[in-house]
Each structure stands twice: as structure tokens, then as C-alpha cells.
Amino acid sequence: MLVTNHVLSGALIGYATRRAPVAFTVGVASHLALDAVPHWGDDRAIEDVLHIAVPDGLLGATAMAVVTLTSAPQRRLRVLAGMAGAALLDMDKPSRLFFGFSPFPGVVDHVHQRVQRESAGRLPQEFVVGSVLMVVVAVCTRRRGMPGPPRPVGTASG
Ligand SMILES: [Zn+2]
């Protein structure tokens with residue numbers, strides 16, 4: 001699955017949870033759950049799919065920055081935590097490419113590899129899912145301009 005889609009899913013998790021550690025943990029779990037759903041993937045070595053992986057990584061990083069910066073301050077940390085958790089397991093790819101090893105214990109890489117339901121023909125599906133996620137995240141982020149919950153009486157500071 002494209003990391004951008006994991007990032008956007010993580011943003012929604014951040015919006016749906018109340019605490020950053022919970023958002024991060026659910027984000028990590030969501031990565032495995034989404035990788036178990038049929039999605040695009042390619043058995044070729046990462047060096048052979050860089051034409052997809054590099055733009056995806058840059059788009060995912062950009063999405064993470066934009067969503068973080070445009071989220072309401074009271075939501076910002078948990079939204080960032082959700083995105084970071086959701087993207088974390090795919091950090092094995094740039095690590096293998098640049099440093100030659102995965103940063104995770106072997107059991108984590110094994111589980112991550114075993115849940116995959118990939119097909120090289122599902123890239124259009126990734127774009128559809130990503131587009132839908134982008135719209136939903138944009139709607140959630142746009143709510144930042146709405147007034148927050150009412151303050152308890154006596155706490156207003158003039
Ligand atoms: Zn993955």
C-alpha cells in the first residue's frame with residue numbers, strides 16, 4: 001500500500017482519538033490491518049519501483065506536514081501521532097535502501113511481510129482510495145475554523 005494512504009488513514013485516526021499515544025498505537029495497528037486488505041504492491045526489489053516509491057514517499061511526507069500544520073492546535077499532536085504510527089512500519093524501505101537494513105526486529109518485519117495481500121495491478125485502486133482519503137482529511141482539517149467546545153464559566157480571560 002502506498003505510504004501516502006497510510007499517512008492519510010493515520011490522520012483520520014488522530015482526529016478520531018483523544019490522546020496522542022493512543023493515536024500512535026492505533027496508527028501502527030491500522031498499518032497492518034490495511035496491508036492485509038488487497039492493495040497495490042510489487043514483488044520487485046525497492047530499487048526497481050523507485051519511480052513509484054520516491055514520489056509516494058515525498059507525497060506522504062508533504063501530506064504529513066500539511067495536515068499537521070493545518071490541523072487545529074488542540075488536535076495537532078494526536079493527528080501527527082496517528083500519521084507517524086500509520087507510516088512507521090514502511091520506514092523499513094528507505095532504511096534498507098539507504099543503510100542496507102531494516103530498523104525493526106525480525107519478528108516485526110516477518111509479521112509485516114506475512115500480512116501483505118499485494119498485486120501489481122492495483123495501483124489505480126490506490127489512487128482512488130488516496131483521493132477519497134484526501135477529501136475526508138481535508139473536510140476534517142477544515143473544521144479547525146469552527147468554534148471549540150464552550151469554556152466552563154469563569155475561565156474566560158477578558
Ligand atoms: Zn506496509
Side-chain angles (χ1 to χ4, degrees), residues 1-42 44-104 108-109 112-113 115-146 148:
M1 177 169 282
L2 296 178
V3 74
T4 300
N5 290 351
H6 284 297
V7 166
L8 294 170
S9 301
L12 295 179
I13 290 166
Y15 284 121
T17 54
R18 295 197 171 276
R19 295 182 168 274
V22 174
F24 183 85
T25 304
V26 175
V28 172
S30 80
H31 188 109
L32 293 173
L34 290 176
D35 273 357
V37 173
H39 62 278
W40 173 81
D42 202 307
R44 291 181 289 173
I46 188 72
E47 293 85 358
D48 296 329
V49 292
L50 287 179
H51 62 289
I52 296 171
V54 170
D56 177 39
L58 293 173
L59 183 60
T62 301
M64 194 177 283
V66 169
V67 172
T68 299
L69 292 173
T70 57
S71 291
Q74 69 270 21
R75 295 178 174 172
R76 190 168 292 149
L77 181 60
R78 57 189 156 102
V79 170
L80 176 61
M83 292 188 290
L88 179 67
L89 291 178
D90 275 351
M91 293 303 104
D92 64 331
K93 290 154 184 81
S95 179
R96 287 181 207 273
L97 183 65
F98 293 119
F99 308 115
F101 64 90
S102 168
F104 305 118
V108 172
D109 287 333
H112 188 197
Q113 185 64 37
V115 301
Q116 300 297 323
R117 294 189 60 198
E118 297 178 333
S119 169
R122 294 195 186 111
L123 197 52
Q125 172 189 313
E126 293 284 330
F127 294 141
V128 170
V129 169
S131 298
V132 170
L133 286 170
M134 208 173 296
V135 169
V136 175
V137 169
V139 168
C140 290
T141 304
R142 186 169 163 71
R143 292 175 58 193
R144 74 186 272 236
M146 296 173 64

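Computed from heavy atoms alone, side chains included, the values below leave out hydrogens, waters and symmetry copies.
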Side-chain donor-acceptor pairs of residues 15-25 under 3.5 Å, sequence neighbours excluded:
{"residue": "Y15", "atom": "OH", "partner": "S71", "partner atom": "OG", "Å": "2.9"}
{"residue": "Y15", "atom": "OH", "partner": "T141", "partner atom": "OG1", "Å": "2.6"}
{"residue": "T17", "atom": "OG1", "partner": "I13", "partner atom": "O", "Å": "2.9"}
{"residue": "T25", "atom": "OG1", "partner": "P21", "partner atom": "O", "Å": "2.9"}

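- A donor-acceptor distance shorter than 3.5 angstrom exists from the side chain of Q125 to the backbone of P38, with no hydrogens or angles considered.
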**Q.** Working for side chain to side chain contact (heavy atoms under 4.5 Å, CB included), residues L34 and H39
**A.** CA-CA 8 Å; L34 290 176; H39 62 278; over 6 Å; no
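- The two residues E126 and L2 have their closest heavy-atom pair at OE1-N, 3.0 Å.
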Anything under 3.5 Å between a donor and an acceptor, one on a side chain of residues 81-99, the other on a protein residue two or more places apart or in another chain? List them.
{"residue": "D90", "atom": "OD1", "partner": "H31", "partner atom": "NE2", "Å": "3.2"}
{"residue": "D90", "atom": "OD1", "partner": "K93", "partner atom": "NZ", "Å": "2.9"}
{"residue": "D90", "atom": "OD1", "partner": "H112", "partner atom": "NE2", "Å": "3.4"}
{"residue": "S95", "atom": "OG", "partner": "F101", "partner atom": "O", "Å": "2.5"}

Considering only distance and modelled atom types, tabulate donor-acceptor pairs under 3.5 Å from the side chains of residues 60-69, sequence neighbours left out.
{"residue": "T62", "atom": "OG1", "partner": "L58", "partner atom": "O", "Å": "2.8"}
{"residue": "T68", "atom": "OG1", "partner": "M64", "partner atom": "O", "Å": "2.6"}

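- Taking all atoms of both residues into account, the shortest heavy-atom contact from C140 to L12 is SG-CD2, 4.0 Å.
- Side chain of D56 to backbone of T4: a donor-acceptor contact under 3.5 angstrom is found.
- Between E118 and D42, every side-chain heavy-atom pair lies at or beyond the 4.5 Å cut-off.
- Counting all heavy atoms, side chain and backbone alike, R78 lies closest to Q74 at NE-O, 3.9 Å.
- The two residues W40 and L123 make their nearest non-hydrogen contact at CD1-N, 3.5 Å.
- Contact record, D109 with S102: OD2-OG, 2.7 Å, taken as the closest heavy-atom pair.
- The minimum heavy-atom distance linking P124 with G121 is given by the pair CD-O, 3.7 Å.
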